[in-house]
Each structure stands twice: as C-alpha cells, then as structure tokens.
Amino acid sequence: MRTSYLTVSRKAQIEIEEKRSTFIGFGQPLADEQEAIDFVSGIRALYPDATHHVYAWLLGGERQLQRYSDDGEPQGTAGIPVLDVLRKSGIENAGLVVVRYFGGVLLGAGGLVRAYSRAGSLALEAAVPVKMQMSCRYRVVVPYTDYDRLRFHLEQEGFWLGEEEFAMDVELTVGAEPARADRLIEICTDQTAGSALIEEAGSTYIPLPPPDPPPLV
C-alpha cells in the first residue's frame with residue numbers, strides 16, 4: 001500500500017480564449033472509475049452544445065487506470081496533452097475536462113496542443129494539488145467543556161480533523177502521521193485533564209498542510 005500520493009483537493013473551473021475559441025477547464029479529485037465517468041458525463045450535460053469535450057483522468061493505487069479522449073479533435077492534439085498535465089505533475093486520483101467552443105479560426109496541431117495543455121494546467125492549479133499521507137485515525141471523545149479548547153490546539157498544530165458527532169459528549173475523528181501520534185495523545189490528555197477517551201480507529205489518507213513559504217529576504 002502506498003504511504004502517500006499526490007492529488008487535488010477540490011473542484012475547480014477556469015476559462016481561457018485562444019484565437020476566438022473558448023476553452024473551459026475543469027479539475028476534480030476522483031475516488032474511483034465510476035466517479036470519473038460521472039465527472040465527464042456531468043460536464044457533457046452542462047455544456048451539450050460545446051464543439052468538443054476533451055478529458056483525461058488517472059487513478060493510482062494497486063489498480064492503476066488512465067483514460068483520455070480527443071473527442072473529435074485531431075489525434076494526439078487534445079486528450080494526450082491533457083493527460084500529460086496529470087502525469088508530469090505526478091497527480092493521480094484526479095480528472096480534467098476541457099470544453100471547447102470553436103471560434104471559427106483553426107489553431108493547427110501545435111496550437112491545439114498548447115491550448116489544451118494550458119487549459120488543463122490552469123484547471124489543475126486551480127484544483128489545488130495536495131499530498132495525501134497514510135496516517136493513523138483516532139476516535140476522541142471529550143466533554144463539551146473541553147471541546148473548543150482541544151479543537152483549537154489540534155488545529156494550531158496542524159492535525160487533520162474529520163467528522164464530529166455531538167451527543168452526550170463530543171466525538172471527533174482526528175488523523176495523525178505515525179511520527180506525530182504521541183503528540184496527538186499528549187495534546188488530548190493535557191487539554192482535557194486526562195478525561196479524553198482516545199481510541200485507534202484504523203488508518204486513512206489525510207491531506208498534509210502545504211509547506212511554509214520561504215521567508216522574505
């Protein structure tokens with residue numbers, strides 16, 4: 001099993017114009033093949049009158065899959081350049097769709113490659129690449145009186161916080177890289193005076209925070 005991989009963190013949409021043709025790019029994280037198929041068909045449904053719906057998606061892990069389509073553009077000028085945007089970035093479990101409205105001016109093979117590559121790259125950037133790290137998942141149950149304080153400290157130290165359940169007490173799902181598991185337990189214990197219930201709940205991939213920007217000189 002992979003310890004980490006690169007993907008994107010959200011849906012995104014961009015638009016560019018090239019010699020009167022409009023290119024609308026979409027990026028999205030994908031969990032599986034069915035979600036990839038639904039992603040492409042959903043864009044087709046939103047833009048049924050577009051000239052082309054070019055797409056590429058790549059799924060990683062044990063079952064690696066990739067698909068692309070030129071959707072009527074000359075072979076090799078659209079789908080492959082969009083797929084290359086994902087491959088060269090090391091991005092997986094993600095898809096790109098570039099919708100084109102033809103503006104009446106032919107772009108030529110080179111122009112098409114550049115336009116589709118640019119639209120795909122901008123859509124990928126807007127979808128925000130993120131590193132997913134295999135991490136320990138914990139179930140943490142705390143009294144309401146300790147919840148706000150504990151959550152603040154967990155957020156301050158960059159721990160991943162998942163779903164929450166509010167009942168007699170508050171139940172949090174918290175993710176920690178293996179090297180930081182002891183620190184997570186220490187924070188939960190300190191901020192609740194030892195009253196927190198902390199249980200391991202398997203493992204999961206969690207998004208790592210982006211690196212700090214370099215200091216201004």
Side-chain angles (χ1 to χ4, degrees), residues 1-2 4-133 204-211:
M1 181 179 292
R2 300 169 298 169
S4 66
Y5 67 94
L6 292 175
T7 187
V8 293
S9 59
R10 66 186 185 189
K11 297 180 181 179
Q13 176 180 339
I14 60 90
E15 182 174 323
I16 62 173
E17 186 172 318
E18 186 68 32
K19 293 184 179 179
R20 300 196 305 198
S21 280
T22 299
F23 295 84
I24 308 171
F26 302 84
Q28 179 177 312
L30 300 172
D32 52 39
E33 186 175 8
Q34 187 58 56
E35 191 169 334
I37 293 169
D38 293 344
F39 171 47
V40 175
S41 61
I43 300 300
R44 287 184 183 276
L46 284 173
Y47 297 88
D49 58 337
T51 316
H52 304 283
H53 304 83
V54 170
Y55 70 83
W57 50 265
L58 194 156
L59 301 176
E62 295 180 2
R63 187 185 177 202
Q64 295 189 6
L65 291 173
Q66 62 183 33
R67 297 285 186 274
Y68 70 89
S69 171
D70 294 313
D71 194 38
E73 294 282 28
Q75 185 176 359
T77 64
I80 284 290
V82 174
L83 180 62
D84 279 344
V85 170
L86 294 171
R87 292 193 298 202
K88 291 178 180 179
S89 301
I91 298 291
E92 55 188 80
N93 288 16
L96 296 170
V97 177
V98 180
V99 171
R100 182 190 182 190
Y101 284 91
F102 180 55
V105 178
L106 296 176
L107 300 182
L112 286 172
V113 170
R114 287 189 294 272
Y116 278 106
S117 296
R118 181 179 171 221
S121 294
L122 291 174
L124 185 66
E125 181 181 352
V128 188
V130 63
K131 183 176 183 180
M132 303 295 289
Q133 177 74 44
T204 188
Y205 288 103
I206 64 172
L208 295 183

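Worth saying up front: this structure is predicted, and the values here are computed from it rather than measured.
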Counting C-beta onward and ignoring hydrogens, is there a side-chain heavy-atom pair between Arg100 and Leu107 closer than 4.5 Å?
yes

Looking only at non-hydrogen atoms, find the nearest pair between Gly103 and Ser21 and report the distance.
N-OG, 3.0 Å

Note, Arg44 side chain near Tyr55 side chain (heavy atom, < 4.5 Å):
yes

Heavy-atom closest pair, residues Val8 and Ala94
CG2-CB, 3.9 Å

Nearest 0.5 Å, please: how far is OG1 in Thr7 from CD in Gln28?
10.0 Å

Contact between Tyr68 and Val82 at the side-chain level, heavy atoms closer than 4.5 Å - yes or no?
no

So, taking the atom named CG in Leu86 and the one named CG in Leu59, what distance separates them when rounded to the nearest 0.5 Å?
10.0 Å

On a heavy-atom basis, which atom in Gly76 and which in Ile80 lie closest, and how many Å separate them?
O-CB, 4.5 Å

Close side-chain approach of Ile91 to Leu58, heavy-atom, < 4.5 Å:
no

Hey, what do you get for NE2 (His52) to CD (Glu73), rounding to the nearest 0.5 Å?
3.5 Å

Which heavy-atom pair separates Ser117 from Val85 by the least distance, and what is that distance?
O-CG2, 3.7 Å

State the CD-CZ distance between Glu15 and Phe23, to the nearest 0.5 angstrom.
11.0 Å

Between Val98 and Ala119, what is the shortest heavy-atom contact and its length?
CG1-CB, 3.8 Å

Which atom pair, heavy atoms only, marks the closest approach of Ala36 to Leu30?
CB-CD1, 3.6 Å

With a 4.5 Å limit on heavy-atom distance, are the side chains of Pro129 and Leu6 in contact?
no

Heavy atoms, side chains only, cut-off 4.5 Å: are Tyr101 and Asp49 in contact?
yes

Check: Tyr205 ring centroid to Tyr5 ring centroid under 6.0 Å:
yes

Do the side chain of Arg10 and the main chain of Ala126 share a donor and acceptor less than 3.5 angstrom apart?
yes

Calculate, to the nearest 0.5 Å, the distance between atoms CG and OG belonging to Leu83 and Ser69 respectively.
11.5 Å

Are any side-chain N or O atoms of Asp70 and backbone N or O atoms of Gly79, one a donor and one an acceptor, separated by less than 3.5 Å?
yes

Would you say Thr51's side chain and Phe102's backbone share a donor-acceptor pair under 3.5 angstrom?
yes

Under 4.5 Å between any side-chain heavy atoms of Ile14 and Glu125, yes or no?
no

So CD of Glu33 and CG of Asp38: to nearest 0.5 Å the spacing works out to 10.5 Å

State which residue, out of Ser9, Pro207, Ser4, fulfils the side chain to side chain contact (heavy atoms under 4.5 Å, CB included) condition with Lys131.
Ser4

Any chance you could lay out the side chain to side chain contact (heavy atoms under 4.5 Å, CB included) test for Leu65 and Trp57, step after step, and finish with the verdict?
CA-CA 8 Å; Leu65 291 173; Trp57 50 265; 4.0 Å; yes

